[in-house]
Amino acid sequence: MNYLAIVSYDGSKFYGFQRLNNVISIQKVIEDALTKINKSKVEIKGAGRTDKGVHALGQVISFKLDINIDIAGLKEAMNSILSPYIYIKEIKEVDNNFHPRFNTKRKSYIYKINLGEYNPIIADYVYEPPYNLDINKLKEVSKLYLGIHNFHNFVSGERENYDCIIYDINFSIDNNILNIEFIGKSFYRYMVRNLVGMMIEVARGKEDISKVKEMLENEEEIFGYTAPACGLYLKEVEY
């Protein structure tokens with residue numbers, strides 16, 4: 001049977017999503033739990049490979065099991081093993097051809113910035129800049145990102161194609177926490193963090209918005225900035 005599961009996790013406790021040798025990853029921990037339940041090896045596929053320190057509110061995984069188990073029982077069994085830093089929010093059966101990454105229609109990420117006084121209690125869960133940010137400039141830069149662009153200068157690693165579409169970028173503030181939500185078809189490695197990094201540099205007055213325009217229009221490599229992983233959350237994946 002093929003299953004889809006929606007997962008939330010505290011990324012500060014893991015060395016990223018992808019399974020790696022000799023480190024604790026989210027993929028490895030979930031696969032170990034499912035292997036224990038299934039009594040034979042289970043591998044999972046994810047909608048995206050979040051980096052070390054990046055959190056998820058709605059990561060999506062898929063996996064196959066050999067045993068017969070009801071959905072409620074499977075969810076309870078997984079959460080009893082995975083707690084306290086990974087939580088299975090929902091499980092449902094899906095077609096055998098379903099793939100959590102290739103079948104994606106839209107993804108949304110949220111980046112959180114503390115605009116108030118530094119708080120060590122939330123340091124692993126928001127970015128706390130040691131300088132003031134001009135919110136209007138953040139919004140001004142964000143408008144440049146909308147639509148289809150070649151995001152070569154905002155992506156880490158080599159790819160055949162850097163074109164990507166961003167449908168919307170929304171801003172909200174809750175108890176001095178600024179939430180910047182990115183909604184798009186797909187996002188490549190470090191892309192959201194690099195987009196936010198340039199927004200922050202302009203908003204603090206260190207860079208001019210013209211550099212952002214140059215990075216979007218010029219395919220030659222131009223140095224940018226990467227926002228810390230702690231503020232990033234994979235919010236939702238739509239199919």
Under 4.5 Å between side-chain heavy atoms, hopping through other hydrophobics if needed: is there a path connecting [X] to [Y]?
| X | Y | answer |
| --- | --- | --- |
| Ile169 | Leu133 | yes |
| Phe14 | Val126 | no |
| Leu232 | Ile26 | no |
| Val54 | Phe17 | no |

So which heavy atom on [X] is nearest to which on [Y], and how close?
| X | Y | value |
| --- | --- | --- |
| Phe171 | Ser142 | CE1-OG, 3.5 Å |
| Leu144 | Leu216 | O-CD1, 3.5 Å |
| Ala56 | Val7 | CB-O, 4.1 Å |

Is there a ring pair (Phe, Tyr, Trp, His ring centres under 6.0 Å) between Tyr85 and Tyr87 once you walk through the steps?
CA-CA 7 Å; Tyr85 302 117; Tyr87 182 73; over 10 Å; no
Measuring from atom [atom1] of [X] to atom [atom2] of [Y], what distance do you get when rounded to the nearest 0.5 angstrom?
| X | Y | atom1 | atom2 | value |
| --- | --- | --- | --- | --- |
| Ile91 | Ser62 | CD1 | OG | 12.5 Å |
| Met215 | Phe223 | CE | CZ | 9.0 Å |
| Phe63 | Glu31 | CZ | CD | 11.0 Å |
| Leu74 | Glu93 | CG | CD | 10.0 Å |
| Leu146 | His149 | CG | NE2 | 7.0 Å |
| Asn114 | Glu128 | CG | CD | 4.5 Å |

With the threshold set at 4.0 Å, does a side-chain nitrogen-carboxylate oxygen contact exist between Asp10 and Lys13?
yes
Are Asp32 and Lys36 close enough for a salt bridge, meaning some N to O gap below 4.0 Å?
no
Around [X], counting heavy atoms of other residues, nucleotides and ligands shown, do more than 12 lie under 6.0 Å from its [atom1]?
| X | atom1 | result |
| --- | --- | --- |
| Glu219 | CD | no |
| Tyr15 | OH | no |
| Ile24 | CD1 | no |
| Glu90 | CD | yes |
| Lys52 | NZ | no |
| Asn175 | CG | no |
| Asp70 | CG | yes |

Chi angles and distances behind the side chain to side chain contact (heavy atoms under 4.5 Å, CB included) call for Ile222, Lys211
CA-CA 9 Å; Ile222 301 173; Lys211 180 174 180 177; 3.9 Å; yes
For a side chain to side chain contact (heavy atoms under 4.5 Å, CB included) check, start with the C-alpha distance between Ile200 and Ile113, then their side-chain angles and the critical distance, and finish with the verdict.
CA-CA 10 Å; Ile200 289 172; Ile113 301 175; 4.2 Å; yes
So, do Tyr9 and His55 have ring centers that fall under 6.0 Å from each other?
no
Test Phe154 against every option in Tyr145, Tyr162, Phe187, Tyr190 by the ring-ring contact (aromatic ring centres under 6.0 Å, His included) rule and name the one that passes.
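Result: among Tyr145, Tyr162, Phe187, Tyr190, Tyr145 is the only option passing the ring-ring contact (aromatic ring centres under 6.0 Å, His included) with Phe154.
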Any sub-3.5 Å donor-acceptor pair from [X]'s side-chain atoms to [Y]'s backbone N or O?
| X | Y | value |
| --- | --- | --- |
| Asn79 | Ile88 | yes |
| Asn103 | His99 | yes |
| Gln27 | Gln18 | no |
| Asn179 | Ile110 | no |
| Asn38 | Asp66 | yes |

Are [X] and [Y] in a cation-pi setup, meaning NZ or CZ lies under 6.0 angstrom from the ring centre and within 45 degrees of the ring axis?
| X | Y | answer |
| --- | --- | --- |
| Arg204 | Tyr131 | yes |
| Lys112 | Tyr233 | yes |
| Lys235 | Tyr109 | no |
| Arg193 | Tyr111 | no |

Can you list the steps and then say if Phe182 with Asp168 is a side chain to side chain contact (heavy atoms under 4.5 Å, CB included)?
CA-CA 6 Å; Phe182 293 77; Asp168 207 357; over 6 Å; no
Walk me through whether Met191 and Ile166 qualify under side chain to side chain contact (heavy atoms under 4.5 Å, CB included).
CA-CA 11 Å; Met191 182 172 160; Ile166 296 180; 4.1 Å; yes
